[in-house]
Amino acid sequence: MSLTWSAKDHKNLNQPPATGQKRSRNDAGNKATVVLGAQWGDEGKGKVVDLLATEADLVCRCQGGNNAGHTVVVDGKEYDFHLLPSGIINTKSTSLIGNGVVIHLPGLFEEGDKNEKKGLKGWEKRLIVSDRAHLVFDFHQVVDGLQETERQAQEGKTIGTTKKGIGPAYSSKASRTGLRVCDLLADFKDFSTRFKNLVHQYQSMYQSLTVDVDDQLKKLKEYAERLRPMVRDGVYYMYEALHGPPKKILVEGANAALLDIDFGTYPFVTSSNCTVGGACTGLGIPPLNIGDVFGVSKAYTTRVGIGAFPTEQLNAVGELLQTRGHEVGVTTGRKRRCGWLDLVIVRYAHMINGFTAIALTKLDILDVLDEIKVGVAYKLNGKRIPHFPANMDVLQKVEVEYETFPGWKTDTSAARKWNDLPAKAQNYIRFIENHIGVPIKWVGVGKSRECMIQMF
Ligand code: GDP
Ligand code: IMO
Ligand code: MG
């Protein structure tokens with residue numbers, strides 16, 4: 001079977017620069033704005049993307065899968081996005097799922113259909129899927145659970161994954177036995193053989209794994225036909241977007257810096273690069289075409305799953321943040337662990353990502369506190385340590401040095417500009433900005449789109 005999307009869509013593309021033609025830094029083309037999590041996830045990236053997406057032409061996901069859970073509240077309606085870029089709500093924009101994303105097809109269609117019932121219009125016609133993206137199969141999700149059970153039995157602890165098959169699917173990709181969208185849409189006989197081989201490979205590792213191969217293949221064939229009209233060569237599609245007429249391109253990071261496979265709190269991380277490099281490798285965007293990089297941080301810290309969390313508050317403060325902030329995972333329904341804002345990690349995230357501005361969300365959750373603390377440094381054996389430790393045993397042991405601020409004890413949820421905020425809240429925000437060394441561009445005071453104070 002021919003690859004139906006290639007000939008049709010490549011006809012009018014801008015050609016890559018001819019041999020000998022040099023591009024200077026000034027004619028690099030359109031720039032992509034990137035939105036990234038600066039903590040352990042759930043910072044409110046969906047809300048920031050939704051805000052920016054009202055003006056975007058193209059909104060892209062570059063990594064992760066449906067382990068992500070991004071909430072957007074528009075006109076009182078709450079939408080959850082896991083694989084679809086949150087910007088898909090903007091009916092004037094196109095959305096792109098890039099090659100760096102791992103796609104569970106049943107999850108993708110279920111999510112789209114569910115949001116369509118809530119009012120999301122025409123998403124299927126506005127979604128482009130890269131032919132190089134890898135697939136997550138149902139058995140990857142089962143294996144994710146089996147691996148967690150194995151960790152518990154062998155090490156007495158799990159990672160606390162979302163069980164969406166993310167680790168196993170990226171493992172298949174890295175071990176070069178994974179299957180991609182382009183494989184599914186090409187020769188199905190060949191795809192079926194490779195699918196069976198992959199199942200056997202996992203069954204030789206996990207004897208309890210049962211897979212109804214025929215049933216899976218039947219379903220995948222049906223999904224393939226629903227997917228086919230959306231599939232493009234992502235590299236050429238992005239090149240066209242970058243070098244064609246002026247376009248606003250937005251990249252929505254999933255997960256977050258401290259969950260990054262290289263820079264996060266390994267091994268309690270996800271399996272992709274959730275930092276700025278992931279935007280380049282997961283979409284085929286050259287570094288010169290990266291424009292603004294917006295870091296999203298809550299005004300406190302949360303974490304879902306297992307792993308060190310130096311500013312965690314296992315006390316009344318933690319409970320208050322959890323309840324007032326409705327800190328429950330969008331994907332798994334697990335309660336999020338809560339603690340004070342940790343500026344050591346946000347600064348660390350800035351070192352890797354080079355944030356050009358920060359969105360500080362959920363300030364309103366702090367409205368009722370008498371005093372508010374911010375972690376500014378770590379100490380080990382009584383001595384300040386100059387870096388964020390790589391070793392998790394060390395991170396477990398650090399003692400946090402805090403700055404303490406008086407609470408403003410005022411409802412900020414109706415504030416729409418800087419001057420509407422109480423002076424003590426302004427003081428808190430300015431301290432954070434100075435400490436990270438990055439301007440704060442937005443301050444979030446509520447769930448919905450309009451509850452975002454724009455500072456400049
Ligand atoms: P994401 O994964 O980074 O997109 O974040 P999630 O959607 O998982 O979690 C953030 C939660 O906080 C969602 O329920 C948002 O609706 C909510 N939220 C975002 N910004 C604000 C804010 O400024 N104030 C309040 N109260 N809620 C917010
Ligand atoms: P968003 O995009 C919060 C965490 C999981 C677990 C670890 C590994 O909504 O911010 P995985 O299933 O990816 O193998 O799980 O990473 N995790 C997240 N935590 N928000 C997320 O995404 C997350 N994505 C993964 O809880 O600890
Ligand atoms: Mg989330």
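No hydrogens, no waters, no symmetry mates; every other heavy atom, side chains included, goes into these values. Along the sequence shown, residues carry numbers from 1. Note that this is a predicted model, so its numbers are computed, not measured. We count ligands from 1, going down the list as the structure has it; atoms in each ligand are counted the same way.
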Against ligand 2, does [X] come closer than 4.0 Å with any heavy atom?
X      : result
Gly37  : no
Arg303 : no
Gly160 : yes
Lys45  : yes
Val269 : yes

As a check for students: among Ala68, Gly446, Gly444, identify the option with a heavy atom nearest to atom 21 (C) of ligand 1.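 Answer by nearest heavy atom: Gly446.
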
Hey, looking at atom 17 (N) of ligand 2, which of Asn67, Asp80, Leu259, Thr270 has the closest heavy atom?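 Of the listed residues, Leu259 has the closest heavy atom.
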
Below 3.5 angstrom, do we get any N/O pair linking [X] and ligand 1?
X      : value
Val73  : no
Glu78  : no
Thr361 : no

Heavy-atom side-chain proximity of Lys397 to Leu380 below 4.5 angstrom: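 The answer is yes; the side chains approach within 4.5 Å.
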
Compute the shortest N/O to N/O distance between [X] and ligand 2 and return yes if it is under 3.5 Å, no if not.
X      : answer
Thr162 : yes
Gly305 : no
Gly69  : yes
Lys164 : no
Asn255 : yes

Check: [Y] main-chain N/O paired with [X] side-chain donor or acceptor under 3.5 Å:
X      : Y      : answer
Asp144 : Lys164 : yes
Glu116 : Trp123 : no
Arg334 : Thr331 : no
Tyr348 : Phe263 : yes
Thr356 : Val293 : yes
Glu401 : Gly375 : no
Thr161 : Ile159 : no
Ser172 : Pro168 : yes
Thr33  : Leu250 : no
Asn67  : Gly65  : yes

What is the closest protein heavy atom to [atom], and at what distance does it sit?
atom                    : value
atom 26 (O) of ligand 2 : Arg334 NH2, 3.1 Å
atom 16 (O) of ligand 1 : Lys447 CG, 3.5 Å
atom 19 (C) of ligand 1 : Lys47 CD, 3.7 Å
atom 15 (C) of ligand 1 : Thr71 CB, 4.1 Å
atom 28 (C) of ligand 1 : Lys362 CG, 3.6 Å
atom 15 (O) of ligand 2 : Thr161 CA, 3.4 Å

Knowing that exactly one of Thr311, Val374, Val376 qualifies, which makes a side-chain contact (heavy atoms from CB on, under 4.5 Å) with Tyr402?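 Testing Tyr402 for a side-chain contact (heavy atoms from CB on, under 4.5 Å) against Thr311, Val374, Val376 leaves exactly one candidate, Thr311.
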
Working note: Leu96 + Arg61, criterion side chain to side chain contact (heavy atoms under 4.5 Å, CB included); need CA distance, chi angles, decisive distance, verdict. CA-CA 6 Å; Leu96 169 65; Arg61 274 280 304 270; over 6 Å; no

Between ligand 1 and Gly69, can you find any atom pair, the residue atom being a heavy atom, that is separated by under 4.0 Å?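 A heavy atom of Gly69 does come that close to ligand 1.
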
Return yes when Arg336 approaches ligand 1 closer than 4.0 angstrom through a heavy atom, no otherwise.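 Yes, Arg336 has a heavy atom closer than 4.0 Å to ligand 1.
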
Short list, please: which atoms of ligand 1 are under 4.0 Å from a heavy atom of [X]?
X      : value
Gly46  : 4 (O)
Val330 : 8 (O)
Ile365 : 26 (N)

Report the distance from atom CG of Leu220 to atom CG of Leu135, rounding to the nearest 0.5 Å.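 Going from CG on Leu220 over to CG on Leu135, the span is 7.5 Å.
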
Going from CZ on Phe195 to CG on Leu179, what distance comes out if it is rounded to the nearest 0.5 angstrom?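 The CZ atom of Phe195 sits 8.5 Å away from the CG atom of Leu179.
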
What part of Phe268, side chain, backbone, both or neither, has a heavy atom within less than 4.0 angstrom of ligand 2?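 For Phe268, there is no contact with ligand 2 at all, from either part.
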
Check each heavy atom of Asp42 against ligand 2 and say whether those closer than 4.0 Å belong to the side chain, the backbone, both or neither.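 Contact part for Asp42 vs ligand 2: both backbone and side chain.
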
Intermediate values then yes/no, side chain to side chain contact (heavy atoms under 4.5 Å, CB included), Leu184 and Val181: CA-CA 5 Å; Leu184 176 66; Val181 166; 5.7 Å; no

Scan side-chain atoms only and decide if Thr275 and Asn353 contain a donor-acceptor pair under the 3.5 Å cut-off.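 Distance-only check fails for Thr275 and Asn353.
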
For the CG atom on Asn315, are there more than 12 heavy atoms of other groups (residues, nucleotides or ligands in this structure) within a distance under 6.0 Å?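 Yes - once you tally the heavy atoms of other residues, nucleotides and ligands closer than 6.0 Å, there are more than 12.
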
Below 2.8 Å, which protein N, O or S atoms neighbour the Mg ion (ligand 3), ignoring water?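 Protein N/O/S atoms under 2.8 Å of the Mg ion (ligand 3): Asp42 OD1, Gly69 O.
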
Let me see the working for Leu146 and Ser208 under side chain to side chain contact (heavy atoms under 4.5 Å, CB included), right down to the final yes or no. CA-CA 9 Å; Leu146 292 173; Ser208 65; 3.8 Å; yes

If you look at every heavy atom in Ser297 and Ala38, which pair is closest and at what distance?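 For Ser297 versus Ala38, the nearest heavy atoms are CB-CB, 4.3 Å.
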
Salt-bridge present (Lys114, Glu111; N to O < 4.0 Å):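 Between Glu111 and Lys114 there is no salt bridge, as every charged N stays at least 4.0 Å from the carboxylate O atoms.
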
Asp233/Arg132 salt bridge by N-O under 4.0 Å criterion: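 Asp233 and Arg132: salt-bridged.
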
Is it the side chain, the backbone, both or neither of Asp364 that has a heavy atom closer than 4.0 Å to ligand 1?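 Just the side chain.
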
At under 4.0 Å between heavy atoms, which part of Asp42 makes contact with ligand 1: side chain, backbone, both or neither?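 Both backbone and side chain.
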
Check ligand 2 against Trp40 and write out every atom of the ligand that is under 4.0 Å from a heavy-atom position of the residue.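 Every atom of ligand 2 under 4.0 Å from some heavy atom of Trp40: 3 (C), 19 (N).
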
Using a strict cut-off of 4.0 Å, indicate which atoms of ligand 2 neighbour a heavy atom of Val304.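 Once the distances to Val304 are compared, the set is 3 (C), 26 (O), 27 (O).
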
